[in-house]
Amino acid sequence: MSSRNRDEVDRGQVLAYRVAAHGFARSSPVPDVLVLGVQDTPTGSARAALAARGAAPEGQGLELVWSFRGAPHLHRRADLAGLAAALWPLDDADATARIDTAVIKEGAHLGVEAFRATAEAFRAVVTAPMAKGDVSTAVSSSVPHSLTYWCARCGAQHISGLLFQQAGLAGGVRVIPKGGRTVLAPLDAEFRVPVKASGTAELVRAYLRLLGPATPADVAKYFGTRPAVIASVWPDDLAEVSLGGRTAWLPAADLDALRSARDQGLVRLLPPGDPFLQARDRDLVVPDKARQKEIWRAIGGPGALLVGCEIAGTWRARTAGRRLELTVTPFRRLSSTVRRTLAAEATVLASARGLPEARLHLV
């Protein structure tokens with residue numbers, strides 16, 4: 001991580017680079033973001049995220065699994081075995097960092113063993129589709145007691161949700177949303193519970209390619225671990241740049257793309273949890289703190305309006321019969337060209353939700 005020969009780049013260049021890297025120009029039916037997966041929180045948002053990039057889940061060979069931070073993501077089925085190994089904790093300290101919560105303070109110190117025991121329990125329990133609650137009950141009774149806690153509301157001993165979901169992929173389960181409930185089923189792809197992590201540096205490199213230039217601390221937040229863990233698998237083939245007075249990195253092969261990045265004037269409707277919004281340097285993506293709180297709400301957050309390289313507003317939608325009612329709240333006045341494009345994008349979003357038309361409301 002030396003500091004020699006660093007390019008000076010500005011915020012506009014970085015955001016323009018990311019917009020291009022995310023495939024918003026719709027030049028490929030297979031978006032590059034699938035290397036990190038597409039988060040599906042709330043349910044259905046992954047389809048909208050792919051639509052914003054001119055793609056659809058059908059024909060991509062995708063599977064919904066719990067992956068980064070235990071959140072549900074669409075991933076390519078062919079990538080799952082490698083992904084399970086790359087997301088496996090690097091050591092006990094890494095494992096503890098990922099699951100250290102107040103409810104299992106003692107159990108978290110089991111480290112990698114906590115993940116192994118839970119993944120093995122999944123494989124023993126989930127041999128056919130089962131309700132998530134039933135799986136949780138069975139897995140909770142199979143893992144060390146210190147990995148569970150007493151839930152007064154349910155009157156039962158539960159495994160930590162953070163561990164439960166982060167061990168799901170290694171446990172060979174896929175996620176099936178059904179109405180308001182979740183069903184878990186065995187993955188068709190066969191692979192063993194990882195013995196040790198491998199390929200983690202490739203995931204770090206993928207983050208830096210899609211959401212860089214970034215720092216080990218940014219990547220660590222994305223993985224749900226500590227910067228020292230990410231530093232231990234930091235790739236060698238990176239280029240350093242200076243961004244706002246700090247050093248950040250991206251793959252050296254992408255440095256020319258960063259240098260030449262320009263605003264393409266695109267207008268896109270990004271759903272909550274969109275990969276573009278997963279960057280951990282939120283001060284760079286949306287400098288205004290109040291708007292950050294609005295966009296990245298923990299529960300019930302809105303979608304984001306992307307105009308050029310900037311998040312220029314928020315949106316919410318509801319279904320009225322066979323029509324999508326889309327309400328957009330821009331942060332500033334939109335030009336007539338942007339409004340026309342936005343109307344077309346509303347139709348794209350409606351189609352992603354299986355609706356034939358959309359009605360746009362600008363607040």
Side-chain angles (χ1 to χ4, degrees), residues 36-37 39-41 64-73 75 79-123 132 135-136 139-140 142-149 158-173 175 184 191-208 211 214-235 273 275 278-280 296 298:
L36 288 180
Q39 189 167 325
D40 195 42
T41 310
L64 186 65
V65 297
W66 289 322
S67 60
F68 291 95
R69 307 169 308 282
H73 286 68
H75 287 277
D79 295 343
L80 293 180
L83 182 67
L87 287 178
W88 192 250
L90 291 160
D91 54 27
D92 288 336
D94 180 20
T96 297
R98 298 191 196 194
I99 61 173
D100 190 11
T101 60
V103 295
I104 59 161
K105 208 69 178 172
E106 178 186 345
H109 290 286
L110 289 177
V112 175
E113 176 58 22
F115 280 77
R116 189 203 63 76
T118 306
E120 295 287 5
F122 267 119
R123 289 173 181 259
K132 177 186 173 184
V135 176
S136 177
V139 169
S140 297
S142 301
V143 298
H145 186 76
S146 63
L147 298 177
T148 67
Y149 68 99
H158 284 318
I159 186 170
S160 158
L162 195 57
L163 170 60
F164 183 69
Q165 295 190 193
Q166 287 192 83
L169 174 58
V173 300
V175 181
L184 302 179
F191 54 89
R192 297 178 181 274
V193 174
V195 175
K196 63 179 181 178
S198 63
T200 311
E202 289 302 314
L203 288 186
V204 172
R205 186 179 290 105
Y207 180 97
L208 295 172
L211 294 168
T215 67
D218 295 328
V219 182
K221 289 178 184 176
Y222 186 81
F223 275 73
T225 189
R226 295 172 181 161
V229 171
I230 297 302
S232 72
V233 289
W234 200 243
Q278 294 292 341
R280 269 20 194 190
W296 286 289

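One-based numbering along the sequence shown.
- For the pair Phe191/Leu169, a side-chain contact is recorded, criterion being any heavy-atom separation below 4.5 Å from C-beta on.
- In this structure, Ser142 and Ala121 approach most closely via the heavy-atom pair CB-CB, 3.9 Å.
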In residues 110-118, what donor-acceptor pairs under 3.5 Å come from side-chain atoms, sequence neighbours left out?
unit_1, atom_1, unit_2, atom_2, d
Glu113, OE1, Arg116, NE, 2.8
Glu113, OE2, Arg116, NE, 3.4
Glu113, OE2, Arg116, NH2, 2.6
Thr118, OG1, Ala114, O, 2.8

Could you walk me through whether Val204 and Phe223 satisfy the side-chain contact (heavy atoms from CB on, under 4.5 Å) test, starting with their C-alpha distance in whole Å, then the side-chain angles of each, then the deciding distance to 0.1 Å, before giving a yes or no?
CA-CA 9 Å; Val204 172; Phe223 275 73; 4.2 Å; yes
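- Taking CG from Leu90 and NZ from Lys196, the interatomic distance works out to 11.0 Å, rounded to the nearest 0.5 Å.
- Nearest heavy-atom pair across Leu83 and Ser67 is CD2-CB, 4.2 Å.
- By the neighbour-count criterion of 12 heavy atoms within 6.0 Å, atom CZ of Arg226 is sparsely surrounded, having that number or fewer from other residues, nucleotides or ligands.
- Residues Leu147 and Gly107 share a closest heavy-atom pair of CD2-O, 3.4 Å.
- Side chain of Thr96 to main chain of Ala93: no donor-acceptor pair is present (N/O by atom type, distance under 3.5 Å, no hydrogens or angles).
- The two residues Ser136 and Ile159 have their closest heavy-atom pair at OG-CG2, 4.1 Å.
- Rounding to the nearest 0.5 Å places CD1 of Ile99 at 9.5 Å from NE2 of His109.
- Put simply, the side chain of Trp66 does not reach to within 4.5 Å of the side chain of Gln166, judged on heavy atoms.
- Summarising the geometry of Arg280 relative to Gln278, their closest heavy-atom pair is NH1-O, 2.7 Å, with the distance given to 0.1 Å.
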Run the side-chain contact (heavy atoms from CB on, under 4.5 Å) check on Phe164 and Val135 step by step: do they pass?
CA-CA 10 Å; Phe164 183 69; Val135 176; 3.9 Å; yes
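- When side chains are defined from C-beta on, Tyr207 counts as touching Asp218, because their heavy atoms get closer than 4.5 Å.
- Val193 places a side-chain heavy atom less than 4.5 Å from the side chain of Trp88.
- For the pair His73 and Leu64, the minimum side-chain heavy-atom distance is 4.5 Å or more.
- You'll find the side chain of Leu203 stays beyond 4.5 Å of the side chain of Tyr222, heavy atoms only.
- Smallest separation of non-hydrogen atoms from Arg98 and Leu87: NH1-O, 2.6 Å.
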